[in-house]
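All chains are named by letter (A, B, ...) in the order of the sequence lines, taking the proteins before the strands, and each is independently numbered beginning at 1. Computed from a predicted model, the values in this text were never measured in an experiment.
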Amino acid sequence: MIHFDEVALRYGSGAETLSDVSFELEPGSFHYVVGPSGAGKSSLLKLMYLAMAPTRGRISVFGRDVADIPRDEMAILRRRIGVVFQEFRLLAHLNVFQNVALPLKVTGKREPKWQAHVRELLEWVGLGDKIEADPLTLSGGEQQRVAIARAVITRPNLIIADEPTGNVDDRMAIRLMYLFEELNKVGTTVVVATHNESLVRRFPHPLMQLGDGRLDILPPPD
Amino acid sequence: MFFGSDLPLKKDASARFLPLLIGFMVFLAALALAGALSMNTVVNDWRSAFTGKLTVQVPDDGGSSDQIQRARVESVVDLLRAQGGVEAVELLSEAETRALIEPWLGSGSSLQELPLPSLIAVTISEAANPDLTAISIKLQEAAPGAVIDDHQRWLGEVLNNLRSLQLMALGLLIVVGVSAMLAVVYVTRTGLAIHHEVIELLHLIGAKDAYVARQFQRQALSMGLTGGAIGLFIAVPVVLLIGTLLAGGETAIFPQVRFGLLEWGLMAALPVLTAVIAMITARRTVLRSLTDLS
């Protein structure tokens, strides 16, 4: 699914944020990315969801070396990846429904085909009554759920979530984790960056531990 | 749940500025086009008016009596009628001759004092190709000083000048078009810079460059049509007003605005053409900029 080989990332002329990172994620796996703030979790995720190119090393996603993928094919590859951004990145000029439906729209599919699907998902994340709301009028937790709904609406092969439960209460956090678990059970590869140790214990999966720019793969916590 | 643009381009300051700029461009382009089309009408009118026409001038030598002058003119008329291919020979009266000059020089009293030659209008059949040199020699024998004019020399000069004016008008059209394109490029690049975060998000959720370009090209088309319609709406009455003023003048050297369906169709096509150019320019600008950024 994802293969990193001796990957390094450096911003400008500073020190390497990630150094010699190598790992392979199998299809259908579930991993947490953990580590202290500034360890490079977000940078690792950005490389995985193809927002950046590595300074050195090779990255393969879905069996394709990303350095060799033409621009238009990269877009098609990205459609197979659902991303929950840490800062949500909802579009303020679109309502909740339009934000969630955006990944479907960019594929060129017609609205009637996916309208019911979007409504159903919004009901599931508890935003059935906020379908036409302006995202800026929602609480942080509600915005996060919109962002999660947008990431999973296309039923992607790979879901990458950066602190997806950071702004919701424990009950909603567990509910959202169940959503990721359900998607994982049907074959979706899931990578979740989190600081929430209780969730990691409650839903045990292997850890991608980052520290000083290095990565270690650890077994699920007991 | 109808979707508009994924980018809030309508809220940009450029969305208000560009239609006005395009409107002004289309207004100028419409005036230039109207000028070029009017001159085209004049060129065609004059060319057809002087095809197969000759004018013979028999000057008054100043010392002869009216009888002698009339005899000279009649001999010239007889000579012309005897030539092969000549369909009609018409001696113009003095009043008709003055009427011909009046649009160029006005109707003041000085016109009445001008000594005028006798003018003979000759019509030649389309198939005929008379030897003007031979006729001219015969005319000199019949009435020394008589001049034959097939109008080609001065007509050629006038038509060349009109064509130059037409080229200038078309050049102005091109300048206006290029200016509009540059404005669209500037506005599009500004939009790309303002909305770069939204564009990055669109890319991350799987949008191709062409999808992003469509957002801009739709906006450019809309702004082009709006601005174009405004420009044409103002230009048409101005063109009609200029046409009315020219038609009411005493001189015949200015072109007349006599537009048919084709001419009005070309004028109406201006905003559409401008909008399409704006759309294509926006698309190419976005695609090129995104490729350069990658």
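Interface remark: A/L91 contributes side-chain atoms only to the contact with chain B (heavy atom separation under 4.5 Å). Heavy atoms of A/R80 lying under 4.5 Å from chain B are absent altogether.
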- Task: For the pair B/V239 and B/V236, evaluate side-chain contact (heavy atoms from CB on, under 4.5 Å) and give the outcome as yes or no after the intermediate values.
- Result: CA-CA 5 Å; B/V239 168; B/V236 167; 5.8 Å; no

- Task: Just do the salt bridge (Lys or Arg N to Asp or Glu O under 4.0 Å) check on A/E16 and A/R56 with the steps written out, would you?
- Result: CA-CA 10 Å; A/E16 284 187 340; A/R56 60 183 165 82; 3.0 Å; yes

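If you tally non-hydrogen atom pairs under 4.5 Å between each of A/A92, A/P103, A/G108 and chain B, the highest count goes to A/P103.
Side-chain contact check for A/H31 versus A/F23: every heavy-atom pair is 4.5 Å or farther apart.
At a cut-off of 3.5 Å, with distance as the only test, no side-chain donor of B/Q217 or B/R214 sits close to an acceptor on the other residue.
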